[in-house]
Amino acid sequence: MEGFVFPNEVHVTWTVMIVLYPYITGLVAGAFIVSSLYHLFGIQALKPIATFSLVSAFVFLLFAPLPLLNHLGRPERAMNIMITPNFRSAMSGFGFVYLIYAVIVFFEIWFHFRGMMVEKWREAAGLKRKLLKLSLLGSTDRNERTDAIDRMMVRGLAGVGIPVALILHGYVGFLFGSIKANPWWSTPLMFIIFIFSAIVSGIAVLTFLYQFVTWRQRLPVSQRTLNALGRLLWAFMIGAVSLELMEVLSVAYEQTERWAVLKELIGGKLFVSYVVFQLFICSLGPFLLLMARTLLRLPQRLANSFLFISAALLLIQVLLMRWNVVIGGQLLSKSYRGFTSYLPGLFDKEGILVAGIIIIIPFLLLRQFDRAFPFFGREEKASAAGAAKR
Amino acid sequence: MWASSAGNNRNDHAHVTRVVILLAIATVLGLVIQAVLRPDGYGDGGEYQRAVLEDIISREPLHQGRETCGECHAGILQTHQKDIHFDVQCEDCHGPGAEHVRAHREGPPAEDDPARLMPKEYTLEGCLFCHRRLNSRPADFPQIDPVAHYEFLKVTDPKTRCIECHDPHEPVFLLTRVAEARTHPVIYECVTCHEKRPQKSHHEAPDHPVIFACADCHQEIVGDFAGRRHNFMDCTACHFFHRENEVAGRIFKNGNRRFCLLCHERKSFKDTEQVPAIDSKIHLDEFAELLDLDPVELEADPRACLKCHLKEVHARKLLGR
């Protein structure tokens, strides 16, 4: 604690859980947008990861509220936000946006996997067959026409899903940006910055997992997909980091009273996490690596290593960005003359161990999903093999 | 290749229709559930339940107030009201007392009844909630930086709890009751010190103080204190000032034996090499014998330390005793 801090500012209320929440929703929005780039905009290079990105979006979506439930406590009251809605509250709006988005993503996945589920139903027997029929809503027809309808539905839902995904994540940025008493948060740019960084984190996590899983399971990797992901990652990270810097630059140029305290915050409490790690190591590093990868003719193995390292660094960059926004904004006093401090405990209810568990669970669930409906091109083979048998 | 109904256009849309029907049913079901579960009166005057206000009004208060506590704990309340925590409610530290009061009014509670005893907030954080040094707190509010406080008292164990020295009901063992402490003006206008309003502004008077220190009015005592062994301490370390309004507060003149022992009692967690420390009872017994005094009377005398040690602080003649 330094300088002049009001008594109610000593304790940092929004903990690492509130850092994780926008991080996970960012992964949701980013992954969904990547899947839509194939399903809606027809970018064929992304085909091998289109299904994976859609399922990833859904799995991350399932766990997005978990940090909030842990932070707030009394999870049995969570549904009150829908039973007694308050449409003048941005936080309250979350319940409805989340529900609509979950339904869209769920049914997009349902339509996407319907053909495969019908094949599984045909081969299954007993209880599994009944359950599969139930999950197909009793409609087990499959032909060229139903497949075309399914594809059309996937495209349609992807089209509706993009604005909802942007609203879902944009609202998280909006929440921070609209808190006018906080000089580190209050900017209309905040929700745009959040959306851009969300897309970066989404592309980064998909790139990271695609390279990791194909390496680990010795699957063939599509170089065309990696190149497309590399270019997308580079483009969106330039956008995201530029926006983040321009926001700080505009405040610095305005030289209003808030810059006096923000300057101290950036140069002091956030120097390591923001300047050293977020900007230099995790932004400048991937920028140079991805630029080298895109512009120079590097050996394929080296280029792919650059992409893997960049994806990992950008995943950390976005997490650090969430940390620096959420925690950084609470470190400075409303007096503009003092700072408090925050370090999460290892075994606290909202500590590092719990945060690690929350972030790992979606990946474990993805692994289970992969066993049922294999990703990365294998799903096509599985589906085709099922159809060919007959 | 396809197993069934190729080209049957009517059935090809069946699964989409079923999804739409499912969503429609879910929406209607959601609205019904919302209507059933939504509390009566929600939204009548805004996004809250108006009926809850009546519910809240009809509830028995959880907090009882110190007068209720005093019905059974008169002794503790009397001590509490004497000392500097006099304006802190019992339930600020012990939590709401409704269950405890009910359990005891209905007869002696069972041994295992959780309401039999009240919880006690004795953690360091509990005390620091009010007493942690913050620049934003009023300067005359008692507040500490725990590290500096323990360094000053030569406490070697940083986990030492505040209650090892301070009794929460009587934190600084005031010699006289708070209510009897003499009022002291807050100096903010000329006539507080000057008989008549001076012709000149204080800016024109050379060496005129702007923020008043004790020495500005009590030169002789402060000058004498500078030559005493306790001269490294601030006057307010013993003479607490409790501001009561814009123009006046109360000043506490402390010399209670237990107040002196806050620093000078031998404790396992203190470095007694650096601060002279005693075992109070042994020390008083020894000196009672030496001075030919009744040891019981001496121990009961709150001014016992001052009998011999006043010279470590002030000259007796300056105190008008």
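The basis for the numbers below is simple: all heavy atoms, side chains too, and nothing from hydrogens, waters or symmetry mates. Source: prediction; values computed, not measured.
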So what's closer than 4.5 Å to chain B heavy atoms on [X]: side chain, backbone, both or neither?
{"X": "A:R337", "answer": "neither"}
{"X": "A:I83", "answer": "both"}
{"X": "A:V103", "answer": "side chain"}

Is A:F111 close to B:V19 at the side-chain level, that is, under 4.5 Å between some pair of heavy atoms? yes
Heavy atoms of A:S139 and B:R18 approach each other most closely as N-NH1, 3.2 Å
Do you know which two heavy atoms are closest between A:F6 and B:L134, and how far apart they sit?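 The answer is C-CD1, 4.4 Å.
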Is it the backbone or the side chain of [X] that comes under 4.5 Å from a heavy atom of chain A, or both, or neither?
{"X": "B:R137", "value": "side chain"}
{"X": "B:L23", "value": "side chain"}
{"X": "B:L22", "value": "side chain"}

Taking A:R145 for the side chain and B:D12 for the main chain, is one N or O donor matched with an acceptor at less than 3.5 Å? no
Counting N and O atoms only, with roles assigned by atom type, does the side chain of B:E47 sit under 3.5 Å from a partner on the main chain of A:T84, one being a donor and the other an acceptor?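 The answer is no, because no donor-acceptor pair under 3.5 Å joins these two groups.
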What is the distance from atom CG of A:D141 to atom NE2 of B:H15, rounded to the nearest 0.5 Å? 9.0 Å
Quick one: side chain to side chain donor-acceptor pair (under 3.5 Å) partners of A:R258, sequence neighbours excluded?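 Here no residue qualifies.
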